[in-house]
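Some notes on the structure that comes next.
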Amino acid sequence: MKAYMELVNNMLLTAELYIQWCDEATLEEITQPRYSSPYSWPLNSILVLQKKWEIKRKMKAIGWGAKSLRQVYEDVDQCCQALSQRLGTQPYFFNKQPTELDALVFGHLFTILTTQLTNDELREKVKNYSNLIAFCRRIEQNYFEDHDGSSSSSLRLPKGPALP
């Protein structure tokens, strides 16, 4: 289980950070306005630059500094493939009850599936794995919907033709 948790943290978390802070289109259109909105000028600009430099330093340190966006998407695809193979047709990754791995995977995949970015390529990589989509729906229904079927949060995993 720890190996899969490391895989999720090393691939999905890092890919999310890369896309948010190293992809210029996403940074300018989405990340910068979101990250800086609680602060007034000049603090908002300073904090964005500081966080961007911090993330770029981290990316260089772990060997992701020279990666292209395409390579990041391929890493996400490989990670999803490994997770999909491990999950198979089971309801959860390791037991009949969810573990911390299930919570970690759900958090990252649900975020990828429900967060609007400048393009849908990351979301589409995840949507290629129907058992991971079913896993996310199951977790959302079992733990985040009220008993009457309504969602207890404002975020809902898309249903219907948008998913494979």
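For the numbers below, each heavy atom of this structure counts, side chains included, while hydrogens, waters and symmetry mates do not.
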What distance separates D120 CG from I112 CD1, expressed to the nearest 0.5 Å? 12.5 Å
Check whether any side-chain N or O of Q71 sits under 3.5 Å from a backbone N or O of S68 as a donor-acceptor pair, and report yes or no. yes
Calculate, to the nearest 0.5 Å, the distance between atoms OG1 and CG belonging to T111 and L12 respectively. 10.0 Å
Considering all heavy atoms of both residues, which atom of Y35 and which atom of P38 are nearest to each other, and what is their separation? O-CD, 3.6 Å
Report yes if some heavy atom in the side chain of T14 is under 4.5 Å from a heavy atom in the side chain of I62; otherwise report no. yes
Taking T31 for its side chain and W21 for its backbone only, find out whether a donor-acceptor pair lies under 3.5 Å. no
Test side-chain contact (heavy atoms from CB on, under 4.5 Å) on L113 and K127 and set out the steps. CA-CA 8 Å; L113 291 166; K127 285 170 54 175; 3.7 Å; yes
What distance separates R70 CZ from E121 CD, expressed to the nearest 0.5 Å? 4.0 Å
Residue pair N10 / W64: nearest heavy atoms and the distance that separates them: O-CZ2, 3.8 Å
Are F144 and F106 an aromatic pair, judged by ring center distance below 6.0 Å? yes
Do the charged groups of R137 and E140 touch, with an N to O distance under 4.0 Å? no
Looking only at non-hydrogen atoms, find the nearest pair between A82 and Y4 and report the distance. O-CE2, 4.0 Å
With a 3.5 Å distance limit and no angle check, can you tell me whether D77 reaches the backbone of Y73 through a side-chain donor-acceptor pair? no
Minimum side-chain heavy-atom gap P91-R138 below 4.5 Å: yes
Is a donor on one side and an acceptor on the other found under 3.5 Å between the side chain of S37 and the backbone of R34? yes
Beyond-backbone contact of Q78 with M11, side-chain heavy atoms, under 4.5 angstrom: no
Mind checking whether N9 and H108 have side chains closer than 4.5 Å, heavy atoms only? yes
Examine distances only and state if a side-chain atom of R123 and a backbone atom of T114 form a donor-acceptor pair shorter than 3.5 Å. no
Exercise: identify the closest heavy-atom pair between I133 and V126: CD1-O, 4.1 Å
Using every non-hydrogen atom in the two residues, find where L7 and C79 come nearest and quote the distance to one decimal. CG-SG, 3.8 Å
Which residue in the set L101, D102, T99 passes side chain to side chain contact (heavy atoms under 4.5 Å, CB included) when paired with Y92? D102
Closest contact, heavy atoms only, C22 versus K56: SG-CG, 4.0 Å
M59 vs L17 side-chain heavy atoms within contact, under 4.5 Å: yes
Rounded to the nearest 0.5 Å, the CD atom of E28 sits from the OG1 atom of T118 at a distance of 10.5 Å
Could you give the distance from CD (Q50) to CD1 (I55), rounded to the nearest 0.5 Å? 11.5 Å
Is there a path of hydrophobic side-chain contacts, each under 4.5 Å between heavy atoms of I, L, V, M, F, W or Y residues, that connects M1 with F93? yes
Distance from L117 atom CG to L122 atom CG, nearest 0.5 Å? 6.5 Å
Do any N or O atoms from the side chain of Q90 and from the backbone of L87 form a donor-acceptor pair under 3.5 angstrom? yes
Measure from the side-chain N and O atoms of N131 to the backbone N and O of G88, and report whether any donor-acceptor pair falls under 3.5 Å. yes
State plainly whether the residues E54 and R57 are in salt-bridge range, i.e. N to O under 4.0 Å. no
So the salt bridge (charged side-chain N to carboxylate O under 4.0 Å, His left out) pairs with at least one residue in residues 7-18 (sequence neighbours excluded) are none
With E74 via salt bridge (Lys or Arg N to Asp or Glu O under 4.0 Å) - residues at least two apart: K125
So, do L83 and V8 sit near enough that their side-chain heavy atoms are less than 4.5 Å apart? yes
Do R86 and F94 form a cation-pi contact, if we require the NZ or CZ to be under 6.0 Å from the six-membered ring centre and within 45 degrees of the ring's axis? yes
W53, L43: one ILVMFWY side-chain cluster at the under-4.5 Å cut-off? no
Note, Y18 side chain near L69 side chain (heavy atom, < 4.5 Å): yes
Those residues that, when tested against D75, pass salt bridge (Lys or Arg N to Asp or Glu O under 4.0 Å) (two or more places apart): K67
